[in-house]
K.L.:
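Next up is a structure, given as structure tokens.
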Amino acid sequence: MRDQSPGAGLPADREEPVGAPVVRADPAITGERAAEAVGFDPDDPESVADAAETVSAFAQNTVGAEDNVYMLRGAAACAALVRGVGSYKAAAERTDGVASIAFIRKWARVHDLPQSIRRHVARGHIAPTAAKHIARVPGEARFTLAWATIDSDLTVREVRAIASEVNDGADPLDALQSYGVTPGRLTLDVPPELYNELRRRSSVENRAPGDVVAEALTDYFEEPSER
């Protein structure tokens with residue numbers, strides 16, 4: 001039986017169709033710009049051609065460097081172009097050498113990050129340049145590094161260094177701790193009545209508040225069939 005405990009088997013890769021503007025087309029994330037979201041279909045030659053043009057412009061355009069939504073569109077174009085032509089080399093050739101293989105690979109990986117992380121990129125909580133390094137690490141380490149980036153205000157340089165350590169074999173938690181990050185530490189605001197009850201219950205049960213919260217969240221995140 002597959003482990004259903006919270007955090008077990010989290011999907012660390014994109015689950016939506018390549019090129020689909022799932023995050024960019026969500027008004028809750030991008031507001032009025034959602035209507036302008038452009039999708040790319042790797043199975044449509046015309047759309048692949050559009051993706052190649054977008055990648056070329058993306059590789060040359062520094063004006064949009066601070067625009068997270070623009071960066072996500074460029075990442076989508078990179079991923080769709082690669083999927084459409086079959087390789088990073090062929091994708092670079094479709095841009096007449098304007099975009100390098102390394103450039104296309106890095107941004108295609110950002111597009112392949114799970115939606116929960118990409119949404120924070122669109123919101124501006126994770127810099128696209130940091131997302132490139134988060135995308136370098138495998139599996140659930142992506143989540144560990146992404147949430148630490150948000151909660152501990154890690155710089156892009158720090159994210160890059162931690163990603164490199166993880167890829168060199170370091171345990172993600174140990175790598176984060178070496179940069180002063182305590183994985184799992186999160187500051188939350190709760191209604192005063194819940195806060196009082198949490199403190200009261202943890203006291204009479206001789207438990208840390210975090211243990212009580214963890215137990216409650218474990219129950220909350222169980223699948224309905226297991227409740």
Side-chain angles (χ1 to χ4, degrees), residues 1-16 21-34 37 68-69 72 110 112-128 130-131 133-135 137-156 158-159 162-163 166 170-227:
M1 175 180 289
R2 184 172 68 87
D3 185 358
Q4 298 290 348
S5 60
L10 292 176
D13 296 301
R14 183 184 184 91
E15 297 185 290
E16 303 82 22
V22 177
V23 173
R24 292 178 287 122
D26 185 349
I29 301 296
T30 57
E32 295 180 357
R33 297 181 65 182
N68 290 11
V69 177
L72 286 177
V110 170
D112 287 339
L113 285 170
Q115 183 183 152
S116 57
I117 296 177
R118 299 198 316 275
R119 282 177 173 268
H120 281 290
V121 176
R123 292 178 181 123
H125 302 160
I126 297 176
H133 298 297
I134 292 171
V137 301
E140 292 185 26
R142 289 178 165 185
F143 294 106
T144 302
L145 183 52
W147 307 152
T149 299
I150 297 170
D151 295 330
S152 300
D153 294 323
L154 292 175
T155 65
V156 173
E158 290 171 331
V159 174
I162 294 169
V166 172
D171 181 276
L173 303 185
D174 292 339
L176 286 170
Q177 289 175 339
S178 69
Y179 282 83
V181 177
T182 301
R185 178 170 293 172
L186 176 66
T187 300
L188 295 174
D189 293 323
V190 298
E193 59 272 18
L194 288 180
Y195 173 77
N196 288 338
E197 177 60 17
L198 171 61
R199 279 295 188 180
R200 184 196 69 80
R201 188 167 303 189
S202 61
S203 177
V204 299
E205 294 179 0
N206 298 314
R207 303 170 66 191
D211 292 339
V212 176
V213 172
E215 181 179 281
L217 288 176
T218 297
D219 292 339
Y220 178 81
F221 287 132
E222 282 184 348
E223 292 188 356
S225 60
E226 296 187 345
R227 291 182 178 175

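Just the heavy atoms: all of them, side chains too, but no hydrogens, waters or symmetry mates, feed the values below. Bear in mind that the values here come from a model prediction, so they are computed numbers and not experimental data.
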K.L.:
Could you check whether atom CD of Glu205 has more than 12 heavy atoms from other residues, nucleotides or ligands sitting under 6.0 Å from it?
P.N.:
yes
K.L.:
Specify the closest pair of heavy atoms between Pro209 and Leu198, including all atoms of both residues, with the distance to one decimal.
P.N.:
O-CD1, 3.8 Å
K.L.:
If you look at every heavy atom in Val121 and Ala131, which pair is closest and at what distance?
P.N.:
CG2-CB, 3.8 Å
K.L.:
Got a second to check how far Glu140's CD is from Leu145's CG, nearest 0.5 Å?
P.N.:
13.5 Å
K.L.:
Could you walk me through whether Leu113 and Arg142 pass the side-chain contact (heavy atoms from CB on, under 4.5 Å) test, one step at a time?
P.N.:
CA-CA 8 Å; Leu113 285 170; Arg142 289 178 165 185; 3.8 Å; yes
K.L.:
I would like to know whether Asp26 and Val22 meet side-chain contact (heavy atoms from CB on, under 4.5 Å); could you show each step before the answer?
P.N.:
CA-CA 7 Å; Asp26 185 349; Val22 177; over 6 Å; no
K.L.:
Could you pull out the closest heavy-atom pair between Ala141 and Pro172, with the gap in Å?
P.N.:
CB-CG, 3.7 Å
K.L.:
For Thr149 and Ile134, run side-chain contact (heavy atoms from CB on, under 4.5 Å): C-alpha distance rounded to whole Å, both residues' side-chain angles, the deciding distance at 0.1 Å, then the answer.
P.N.:
CA-CA 9 Å; Thr149 299; Ile134 292 171; 4.0 Å; yes
K.L.:
Taking all non-hydrogen atoms of both residues into account, name the closest pair between Pro11 and Pro114 and its distance.
P.N.:
O-CB, 3.6 Å
K.L.:
Quick one: does Ser202's side chain have a donor or acceptor within less than 3.5 Å of a partner on Arg199's backbone?
P.N.:
yes
K.L.:
Nearest 0.5 Å, what's the CD1-CG distance between Ile162 and Asp174?
P.N.:
12.0 Å
K.L.:
Measuring from atom CZ of Arg24 to atom CZ of Arg119, what distance do you get when rounded to the nearest 0.5 angstrom?
P.N.:
12.5 Å
K.L.:
Surrounding CZ of Arg185 (heavy atoms of other residues, nucleotides or ligands, distance under 6.0 Å), is the total greater than 12?
P.N.:
no
K.L.:
Rounded to the nearest 0.5 Å, how far apart are CZ of Arg201 and CG of Leu194?
P.N.:
10.5 Å
K.L.:
What is the distance from atom OG of Ser178 to atom CG of Leu173, rounded to the nearest 0.5 Å?
P.N.:
11.0 Å
K.L.:
Considering all heavy atoms of both residues, which atom of Ala122 and which atom of Val69 are nearest to each other, and what is their separation?
P.N.:
O-CG2, 4.3 Å
K.L.:
Identify, with sequence neighbours excluded, every residue that meets salt bridge (charged side-chain N to carboxylate O under 4.0 Å, His left out) alongside Glu215.
P.N.:
Arg207
K.L.:
State, to 0.1 Å, how close Gly124 and Asn68 come at their nearest heavy-atom pair, and which atoms those are.
P.N.:
CA-ND2, 3.1 Å
K.L.:
When rounded to the nearest 0.5 angstrom, what is the spacing between CD1 in Ile126 and CD1 in Ile150?
P.N.:
4.0 Å
K.L.:
Measure the acute angle between the ring planes of Trp147 and His120, then classify it against the limits of 30° and 60° as parallel, tilted or perpendicular.
P.N.:
perpendicular
K.L.:
Run the side-chain contact (heavy atoms from CB on, under 4.5 Å) test on Leu154 and Leu176 for me, step by step, so that the C-alpha distance in whole Å, both residues' side-chain angles and the decisive distance to 0.1 Å come before the verdict.
P.N.:
CA-CA 10 Å; Leu154 292 175; Leu176 286 170; 4.2 Å; yes
